[in-house]
Amino acid sequence: MLQIGFIKENKEKVIEGLKKRNLSDFANLDEVIQLDEKRKATQTELNTFQAESNQISKEIGMLYKQGKREEADVLKTKVTQGKERVKELENQMSDLSQKIENILLQIPNVPHSSVPPGTSEEDNEVFRAWPHALPELSETAKPHWELAKDHNLFSLELGTKIAGAGFPLYRGKGAKLQRALIAFFLDENTEAGYEEILPPHLVNEATARGTGQLPDKEGQMYYVTKDDLYLLPTAEVPVTNIYRDEILKEEDFPIMMTAYTPCFRREAGSYGAHVRGLNRVHQFDKVEIVRVELPENSYAALDGMLEHVAGILDKLELPYRILRLCGGDVSFASALTYDFEIWSAAQKRWLEVSSVSNFETFQSNRLKLRYRDGKKTELAHTLNGSSLALARIVAGLLENNQTPDGRIKIPKALQPYTRFEMI
RNA sequence: GGAGAAGUGGCAGAGCUGGUUUAAUGCACUAGUCUUGAAAACUAGCGUACUCGAAAGGGUACCGGGGGUUCGAAUCCCUCCUUCUCCGCCA
């Protein structure tokens with residue numbers, strides 16, 4: 001959520017940003033600015049009435065003490081009259097605040113100046129291409145869902161039997177591979193200075209609100225009605241919320257955290273070839289990195305995250321490229337997002353495995369995540385990225401590392417974790 | 001799940017028979033005095049948010065959350081949440 005003060009002072013900049021996102025209706029900006037003016041005027045009036053009635057009430061107290069009952073009663077009726085106006089103004093205030101928030105919730109973040117123009121993923125900029133030739137597999141190479149069947153690594157059918165479509169069940173070396181990847185990623189992240197967090201996998205409404213899943217995106221989350229809890233769509237939600245409603249000191253920075261969690265997405269999406277196998281599922285495993293930074297450091301932090309994720313993919317020996325998302329594809333809350341895609345040699349397409357974003361103050365405004373800058377409090381910047389998402393990494397590993405005789409090589413870096421070299 | 005107790009500023013902790021409470025006091029913290037330096041002592045400051053004001057400086061709201069009673073609520077009432085103690089159940 002943008003700050004109303006920011007919109008007021010930088011209206012042109014906001015409009016420019018919205019244009020980059022291919023939006024053309026800016027009427028709500030003027031509307032929200034006007035509503036805020038009205039809110040201020042209303043508050044000033046309200047506070048005046050409140051001050052007056054506080055004053056009189058004090059006098060009443062004094063008069064009672066002195067035994068001047070009648071004088072007190074006269075004042076009482078006076079206050080009672082003013083009270084009605086106070087009630088009225090209070091209602092107006094909450095009504096205006098609600099309206100303002102409703103509009104602010106609909107305004108996306110202003111994209112960073114480096115975000116390229118564009119309307120869809122077609123227009124994303126290749127920020128860093130794969131510098132080598134893409135691997136080629138023989139004609140007999142198989143997609144990961146066939147390899148998984150051959151080696152009994154996971155079963156979508158059993159997952160369906162037990163839960164429903166989109167809930168894979170891993171077994172044997174497939175299950176071990178999951179566990180190995182999670183441990184490998186967490187170790188890589190903690191070695192780079194990220195603190196390991198193991199958060200709850202269900203979150204309450206305030207938490208879901210803090211990172212912007214609510215309102216609006218409740219359809220994406222599984223919801224436990226009986227206890228009013230949501231299943232995590234990503235570890236970003238609980239981990240970032242650690243710092244909800246906090247005022248940090250400058251020396252608390254940088255804050256670097258990593259967490260493994262399963263991720264649950266209801267995702268009423270498309271079906272077909274592109275979502276076969278592990279490409280898109282309701283439950284998948286992911287290791288996330290989250291950072292809270294001083295504004296002046298957040299873009300350096302973003303670069304650091306980028307190199308960190310790139311380093312992990314290098315160790316896994318997977319061909320990848322980095323995209324800078326265009327205005328039409330960058331998510332609602334993000335100012336700048338880089339996507340990592342690995343090349344699936346068997347499916348002959350790129351698979352997104354990580355998304356690294358700087359939200360600037362868009363999330364922290366909602367979270368009330370501040371730091372003390374001298375005497376004032378300022379909003380901190382929040383960033384997060386996958387490091388990394390498992391299901392598609394597994395898909396890529398299986399496909400790219402298959403041998404002509406139908407087996408699968410485990411990358412060296414992963415072997416200490418799997419404790420086997422071949423599947 | 002049952003019974004009881006409690007939630008106050010960064011922490012500890014008073015207030016809780018409704019009205020000079022502007023939330024005492026201590027610790028911590030910040031600045032100053034003193035000191036070669038530090039400690040101690042002393043002095044002052046010390047919450048968040050909104051708002052008025054050029055500024056100085058005001059105003060309002062907030063004592064777990066929400067609602068209510070009252071001219072006036074940290075204090076009374078309702079409700080929800082959380083924590084602690086005991087019992088039950090349980091990996």
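Throughout, protein chains are lettered first and strands after them, A, B, ... in sequence-line order, and every chain is numbered starting at 1. Only heavy atoms go into these numbers, but all of them, side chains included; no hydrogens, no water, no symmetry mates.
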Quiz prompt | Proximal nucleotide (of B:rC52, B:rU48, B:rA61) relative to the A:K40 side chain | solution = B:rC52

Quiz item: Which one, B:rC71, B:rU22, B:rG47, comes nearest to the side chain of A:R372?
Solution: B:rG47

Quiz item: With A:E12, which residues qualify under salt bridge (charged side-chain N to carboxylate O under 4.0 Å, His left out), at least two apart?
Solution: none

Practice problem: When you get a sec, tell me which of B:rA49, B:rU51, B:rU60 is the closest nucleotide to the side chain of A:T377? | Solution: B:rA49

Self-check item: Span that lies between the P atom of B:rC62 and that of B:rA73, in whole angstrom
Solution: 8 Å

Quiz prompt | Criterion side-chain contact (heavy atoms from CB on, under 4.5 Å) against A:P233, the qualifying member of A:K286, A:Q220, A:M221 | solution = A:M221

Quiz item: Is the Lys NZ or Arg CZ of A:K173 less than 6.0 Å from the centre of A:F420's six-membered ring, within 45° of the axis?
Solution: yes

Quiz item: Which value, in whole Å, describes the distance between the P atoms of nucleotides B:rU33 and B:rC11?
Solution: 31 Å

Quiz item: Which one, B:rG19, B:rC50, B:rU60, comes nearest to the side chain of A:R39?
Solution: B:rC50

Self-check item: Atom C1', compared across B:rA40 and B:rU51: separation rounded to whole Å
Solution: 44 Å

Quiz item: Which nucleotide in the list B:rG19, B:rG59, B:rU22 gets nearest to the side chain of A:Q43?
Solution: B:rG59

Self-check item: Which nucleotide in B:rC71, B:rA49, B:rU22 has an atom nearest any side-chain atom of A:R370
Solution: B:rA49

Quiz item: So which nucleotide from B:rC50, B:rU60, B:rC71 ends up closest to the side chain of A:A51?
Solution: B:rU60

Atom pairs under 3.5 Å, N or O on each side, protein against nucleotides 64-70 of chain B: can you list them with distances?
none

Quiz item: Considering only B:rC52, B:rC71, B:rU48, which nucleotide approaches the side chain of A:Y64 most closely?
Solution: B:rC71

